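First up is the structure itself, then whatever we jot down about it.
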Number of protein chains: 2
Amino acid sequence: MDDLTKLDGVPLYVKIRQSLRENILNGSYKRGEKIPSEEELSAQYGVSRMTLRHSINDLIDEGLLYRRQGVGTFVAHHHLARDHSRLTNFFENSRMDGLQVSEKVLDFRQIPAKYQVAKALNLKEGDPVICIKTLRFIETEPVTVHEAYIPMALFSDLLNMDIESQSQDLWGFYERCGYKVKRGVQRLEARQADEDLADMLSMQVGAPILYKERTLFSEDGTPIEFLYCFNRGDMYSITVSLLR
Amino acid sequence: MDDLTKLDGVPLYVKIRQSLRENILNGSYKRGEKIPSEEELSAQYGVSRMTLRHSINDLIDEGLLYRRQGVGTFVAHHHLARDHSRLTNFFENSRMDGLQVSEKVLDFRQIPAKYQVAKALNLKEGDPVICIKTLRFIETEPVTVHEAYIPMALFSDLLNMDIESQSQDLWGFYERCGYKVKRGVQRLEARQADEDLADMLSMQVGAPILYKERTLFSEDGTPIEFLYCFNRGDMYSITVSLLR
DNA sequence: GAGTGGTCTAGACCACCCG
DNA sequence: GGGTGGTCTAGACCACTCG
């Protein structure tokens, strides 16, 4: 039993979680039905009940299972698409949908932080930040103007690099600097295109824009990036899933 | 030790979690700093390490702490506002901000489900649903047209009730019927007001609308409600926080 | 090597739900 | 009363990080 852990370095609760997930997804455990009790399953997998509960807790967090005290553990009726409960980035998202995406760098330089940027990044007004402004395309159509600000104090290396090679994988760059993206807070508004935006996004002045402000944080809570994002209303929607 | 559990019925890990949370929020444990090791803390609280880890895991989920294997457990630098990572409803939200909110019922009747509604609620096209359409006001300003559909099969009781008394607490009504709101998936778009919307929301035709579609689910994954929501762009924004 | 978190055990008693 | 999940223990060994 413990041998299994040691052989491949994969914890038992991860293997059991995977096994249970397969049973749920392939229908061995049917939607709405009770799965075997924790005692039964721990005997079946040859582990202690605590270990088995670790696996089940993970699957409950994913929304695949739910518990009713004194009754049992059940398969949820509806399985939420996992993608939408997670923070993802534009290029990941679009490429998963099989779309051709590209971008053009409009601006890239160090500037002093304005009030809102400084506040979001936990800096003082005027502290140095790097501004990366890009225009993003899906299949040759311009869809998004993207204006990101990152603290110079954390990411000054970027100025010595070729921005064209980094701009499509900023999150990877952050991670290589020791700041892995873990959480984000975003605010969404409906706006209208002004002349500049209309021009860049090939739309009419006054056409709807899905406006997004977002701050990204690493696991330790350091603000990594503050972003303004202007999305063509007719080409772009945002899906999120939330817990009560 | 166990006495504590029995006296008031509050589990130890909940008490310890609360104690740790207080130490973090009042600054006894400072942002970015290491808290005592798990062994130390479990001795301090007089519990086993597994119980202590239960408390810490909860605080990590909340974003207050993070772990680094082989190093220690640390207080996160930034504490996300908890409100925004959770599904909340209009009246809760606005009243917490101290605003006067009200609503007018525009439509309330049983109809056959159209394709999109049926699909979201896991019904067949034409299955009976209840439509509740309302206009919502903040401080006498109309801000939202709200069009909810709920399965007749689950909530037929509503037809015998006074909708005016229930419409501001639909989630409470769902819960009293045995379906507690637990998860939701929403999709957001920027649109423009057509003549009807412009009229209802006292705005000009073509003005920006933050459009939202949302499906609510109970813990067991049953779809409870499907919603179309048209929000005045100049009065309404939506904030969400997400995990990577 | 010392200290830390990651995993795991083999039990135990309790609270809850249902027939 | 019997079955279920909820909580808890007192250890153990491992993997990782750092000085």
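The structure displayed is predicted, hence computed values, not measured ones. All chains are named by letter (A, B, ...) in the order of the sequence lines, taking the proteins before the strands, and each is independently numbered beginning at 1.
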For [X] and [N], what is the distance between atoms [atom1] and [atom2] respectively, to the nearest whole Å?
{"X": "Glu38(A)", "N": "dA10(C)", "atom1": "CD", "atom2": "P", "value": "17 Å"}
{"X": "Asp220(B)", "N": "dG5(D)", "atom1": "CG", "atom2": "P", "value": "16 Å"}
{"X": "Ile56(B)", "N": "dT7(C)", "atom1": "CD1", "atom2": "C1'", "value": "15 Å"}
{"X": "Arg53(A)", "N": "dA10(C)", "atom1": "CZ", "atom2": "P", "value": "18 Å"}
{"X": "Leu12(A)", "N": "dC13(D)", "atom1": "CG", "atom2": "P", "value": "17 Å"}
{"X": "Tyr45(A)", "N": "dA10(C)", "atom1": "OH", "atom2": "P", "value": "18 Å"}
{"X": "Tyr13(B)", "N": "dT9(D)", "atom1": "OH", "atom2": "P", "value": "13 Å"}
{"X": "Phe74(B)", "N": "dT17(D)", "atom1": "CZ", "atom2": "C1'", "value": "10 Å"}

Go through [options] for me and flag the one nearest to the [X] side chain.
{"X": "Pro11(A)", "options": "dT7(C), dG6(C), dT7(D)", "answer": "dT7(C)"}
{"X": "Met50(A)", "options": "dG6(D), dT9(C), dG5(C)", "answer": "dT9(C)"}
{"X": "Val71(B)", "options": "dC17(C), dT17(D), dG6(C)", "answer": "dT17(D)"}
{"X": "Ser37(A)", "options": "dG6(C), dC18(D), dG5(D)", "answer": "dG5(D)"}
{"X": "Ser48(A)", "options": "dT7(C), dT9(C), dT9(D)", "answer": "dT9(C)"}

Side-chain contact, heavy-atom cut-off 4.5 Å: Thr239(B) with Gln186(A)? no
May I ask you to say what Gln69(B) touches in the nucleic acid, namely base, sugar-phosphate or nothing, with a heavy-atom cut-off under 4.0 Å? base
Aromatic centroids of Tyr29(A) and Phe74(A) separated by under 6.0 Å: no
Crowding at NZ, Lys114(B) (>12 non-hydrogen neighbours, <6.0 Å): no
Taking 4.0 Å as the cut-off, does a side-chain nitrogen or oxygen of [X] come that near to OP1 or OP2 on [N]?
{"X": "Thr51(A)", "N": "dT7(C)", "value": "no"}
{"X": "Thr73(B)", "N": "dG5(C)", "value": "yes"}
{"X": "Arg49(B)", "N": "dT9(D)", "value": "no"}

Any luck finding a side-chain donor-acceptor pair between Thr215(A) and Glu225(A) under 3.5 Å? no
Closest heavy-atom pair, Pro128(B) versus Gln110(B), reported as atoms and distance to 0.1 Å, is CB-NE2, 3.4 Å
Find which nucleotide of DNA chain C each of Arg67(B) and Arg68(A) is nearest to by heavy atoms, and output the residue with the more 5' nucleotide. Arg67(B)
